[in-house]
Amino acid sequence: MLRRTHTCGELRETNIGEEVTLNGWVNAYRDHGTGLVFADLRDRYGLTQLVFDKENADDALLEVADKLRNEDVVAAVGKVRTRVGGENPKLATGKVEVVVTRLELLSKAETPPFMPGAEKGDLPGENIRMQHRFIDLRRPRMQQILQTRHRVTKITRDFFDKHGFLEIETPILCKSTPEGARDFLVPSRLQPGEFYALPQSPQLFKQLLMVAGADRYLQIPRCFRDEDPRADRQAEFTQIDLEMSFVDRDAVLEIMESFVRELWSQMTGYEAPAMQRITYQEAMDRYGIDRPDTRYGLELVDISDLAAKTDFKVFADALAKRKGVVKVIRVPGGAEKLTRKLTDGYTEFVKQFGAGGCAVTKVTEGGFETGIARFIEPIAAELRERVGAEPGDTLLFGADGYSVCTKALGELRQKVAEDMGMVPEGLWNFLWVVDFPMFEYDEASGRFYAMHHPFTAPREDQIEAFLNADPGDRDAIEGIVSDGYDIVLNGSEIGGGSIRIHRRDVQQKVFNLLGMSDEEAEAKFSFLLRALRHGAPPHGGVAFGLDRLVMHLVGTDNIRDVIPFPKTHTGADLMAGAPSGVDDAQLKELHIASTWKPPAE
RNA sequence: GGGGCGGUAGCUCAAUUGGUUAGAGUACCGGACUGUCGAUCCGGUGGUUGCGGGUUCGAGUCCCGUCCGCCUCGCCA
């Protein structure tokens, strides 16, 4: 083949007069009939205009040129010259063109299902894009994303290398452990009836690496969690995974923060200020969510004490519940912008989260109007004072048990911000959330679950209280604060971690609280407990969601945009056709059989 | 498992709310054209309306089931 001398993004006026060879895809062709044909050649680096004309080409060449179609792969030899028809300011190579004297068709393309080079026109549906991912990835936007992702991992490796971290690999075939997400399982051929699990994260291995004296560990591992996807998560994803020995929380937060600032500085030029820290409790109280978006206000205000003075049954019922509260979101200017249709929708919206509904009223010069105005008349003055009400505001009320009310209003807050157009563009608001509870109680199963994971240490000042806590004392257990932390960007959790337990007695008590007997804990986590008996340093770490970081950096809310070969909502690879059935022979070799029976017609 | 939106030409969409032969842009094919860069102009090919039932004189449109894609609750850090 005719090997390229330059890429398609490279030629400038300084190359005029040179004979060059370009390789690439035909991005577009403009055929002016016998005698003049233009074709834009595309590769990862850009576009260059090729021109075929009578004066420089024989009939045979013109005939080939005439047959060029979109996405054909060609090699073109020719001389660089100033564009006769004037420059194209849209292209980096727009001042020059290559007058082709020789053309080699390297690969004829079928009519493509869609045009990756289309400047305008709607994108095809995601199913079409995923079926033909190799074409979708040709789009400049996708090429830019691939490059961004590369640069993020490169900066990550460079940064942590500079700080003494070792990149160490951990197994993909792991032991299935309880807790956390559903595992993907892999049957063992050599050990009939036994299964590996794919890692939900390298959590235990990185802790064992600390016990092993690695001191500082980094990996960019693939993780697998067999749960239903969302716009910003799928079952197979990538973390930037770290762990450090002989550190306390602040040591971890400091280095992670400087990493994130370095990353943003290099990727966007934005020099992030020192990041604020907020406790979990404060985040829940003020924002109703453990990953607050601080780009706008609309904070939740507790008015339970005032609500108790009204005769409104909804308030009274809520306050009678365990940890019952009444909270308000004040929406400045909402009276005008939040139509009846929208606020009616809010009632439906909050019902998703278990709330009964969403009470509404508007603030006027004299008092309140519409909705629950008459019920709150007795507390009008105090309420206005408490929430800072101005005429023209809308007040949205939530009343329920603390967790339901908080969750519902927290979600509503974000929806209202969007409806009001209050979410500013171009802001990067980073935030640490700290002091998470160790445990949360699940009413349905009547037991505690680890809020982060079962290896998260209690905050140092909590350890004694924790070890002494009565497992039957729900309030006491729920009150234990962990040494966990999340990093949040614009309301999106981009990373999280904790100081880990390095004391065997503490780890044992956590397992017990989660409903595991000593024997069960030994069966499931013997390797960890053994490690903790053989000299475990205090340690802690973080995992960042690489996909989410890239999503923010490239400005998309779709995780599939930043994953080169993503899966659909049902976990399918539409291009390759995975998952798929396998031969009975394969199953037999693995000592398994499928119990699945297709539903009858 | 629940809720919602969608599936019509290769692609993006339309089709009077049940009524003639399912249209448009683009792509593709043929023709014209020597300076385009979303080329232009003329002509043409292209449809199991996701699939299977049903209602009806008549279904892209209504009903039932099912498959696929997306959003979301549950789930998941």
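Chain letters run A, B, ... following the sequence lines, proteins first and then strands; every chain starts at 1.
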Could you tell me whether the side chain of A:Leu489 reaches within less than 4.5 Å of the side chain of A:Trp428, counting heavy atoms only? yes
With sugar-phosphate meaning primed atoms plus P, OP1 and OP2, does A:Leu574 contact a base, only sugar-phosphate, or nothing at under 4.0 Å between heavy atoms? sugar-phosphate
Complementary nucleotide of B:rG74, counting Watson-Crick and G-U pairs under 3.5 Å: none
With sequence neighbours left out, the residues meeting side chain to side chain contact (heavy atoms under 4.5 Å, CB included) with A:Asp58 are A:Ala60, A:Leu61
Is the phosphate of B:rG38, meaning OP1 or OP2, less than 4.0 Å from a side-chain N or O of A:Arg30? no
Rounded to whole angstroms, how far apart are CG on A:Asp226 and P on B:rA77? 12 Å
So if I take every side-chain heavy atom of A:Arg230 and compare against B:rG74, B:rC76, B:rC70, which nucleotide ends up nearest? B:rG74
Taking N or O atoms only and anything under 3.5 Å, show me the protein contacts with nucleotides 8-11 of chain B, one pair per line.
from, atom 1, to, atom 2, distance (Å)
B:rC11, O4', A:Pro113, O, 3.0

For B:rG25, give the paired nucleotide (Watson-Crick: N1-N3 plus N6-O4 or O6-N4; G-U: N1-O2 and O6-N3; both under 3.5 Å), or none. B:rC11
Taking any strand in view, what nucleotide pairs with B:rG58 in a Watson-Crick or G-U wobble way, both distances under 3.5 Å? none
Find the distance between CZ (A:Arg225) and CD (A:Gln234) and round it off to the nearest 0.5 Å. 13.0 Å
Taking a pair as Watson-Crick or G-U wobble with both distances under 3.5 Å, which nucleotide is matched to B:rC41? B:rG31
Phosphate-side-chain proximity, A:Arg42 and B:rC37, N/O vs OP1/OP2 below 4.0 Å: no
Every protein N/O within reach of nucleotides 42-47 of chain B N/O, cut-off under 3.5 Å:
none

Result for 5'-nearest mapping on RNA chain B, choosing between A:Asp442 and A:Gly571, is A:Gly571
With rounding to the closest Å, how many angstrom separate the P atoms on B:rU45 and B:rA24? 11 Å
Measure the distance between the ring centre of A:His32 and the centre of the six-membered base ring of B:rG35, then answer whether it is under 5.5 Å with planes under 30°. no
Residue A:Tyr29, side-chain atoms from C-beta onward, closest of B:rC33, B:rG69, B:rC28: B:rC28
When the C1' atoms of B:rU12 and B:rU16 are considered, how many whole Å apart are they? 23 Å
Between B:rG47 and B:rG6, how far apart are the P atoms? Round to whole Å, please. 27 Å
What's the closest nucleotide to the side chain of A:Phe38 if the choices are B:rU36, B:rU34, B:rA77? B:rU36
Using the ring of each side chain (for Trp, its six-membered ring), is A:His453 parallel, tilted or perpendicular to A:Phe455, with breaks at 30° and 60°? tilted
Over how many whole Å does the gap from A:Ile563 atom CD1 to B:rC70 atom C1' extend? 16 Å
Are any of the side-chain heavy atoms of A:His539 and A:Gln207 separated by less than 4.5 Å? yes
Among B:rC37, B:rA77, B:rU72, which nucleotide has an atom closest to any side-chain atom of A:Arg83? B:rC37
When only distance counts, do a donor and an acceptor, one from the side chain of A:Gln49 and one from the base of B:rU36, lie under 3.5 Å apart? yes
Determine whether any donor atom in the side chain of A:Gln352 lies under 3.5 Å from an acceptor atom in the base of B:rG74, or the reverse, and answer yes or no. no
Short side-chain N/O contact to B:rC68 OP1/OP2 from A:Thr570, under 4.0 Å: no
Strictly by ring-ring contact (aromatic ring centres under 6.0 Å, His included), give each pair with a member in residues 542-565 of chain A just once, sequence neighbours left out. A:Phe259-A:Phe544
A:Glu227 side-chain proximity, nearest of B:rG74, B:rA77, B:rC75: B:rC75
By side chain to side chain contact (heavy atoms under 4.5 Å, CB included), A:Ala235 pairs with (sequence neighbours left out) A:Phe184
With A:Asp136, the side chain to side chain donor-acceptor pair (under 3.5 Å) member among A:Arg139, A:His132, A:Arg138: A:Arg139
Could you pull out all residues at least two apart from A:Ala231 that satisfy side chain to side chain contact (heavy atoms under 4.5 Å, CB included)? none
For RNA chain B, whose closest nucleotide is more 5', that of A:Gly180 or that of A:Arg69? A:Arg69
Does NZ or CZ of A:Lys175 fall inside the cone over A:Tyr196's six-membered ring, less than 6.0 Å from its centre and within 45° of the axis? no
State the pairing partner of B:rG69; accept Watson-Crick or G-U wobble contacts with both distances under 3.5 Å, and report none otherwise. B:rC5
Out of B:rG69, B:rG74, B:rA27, which has the shortest distance to the side chain of A:Asn127? B:rG69
Do A:Thr238 and A:Arg149 have side-chain N/O donor and acceptor atoms under 3.5 Å apart? yes
Do the side-chain N or O atoms of A:Lys90 get closer than 4.0 angstrom to the phosphate oxygens (OP1, OP2) of B:rG38? yes
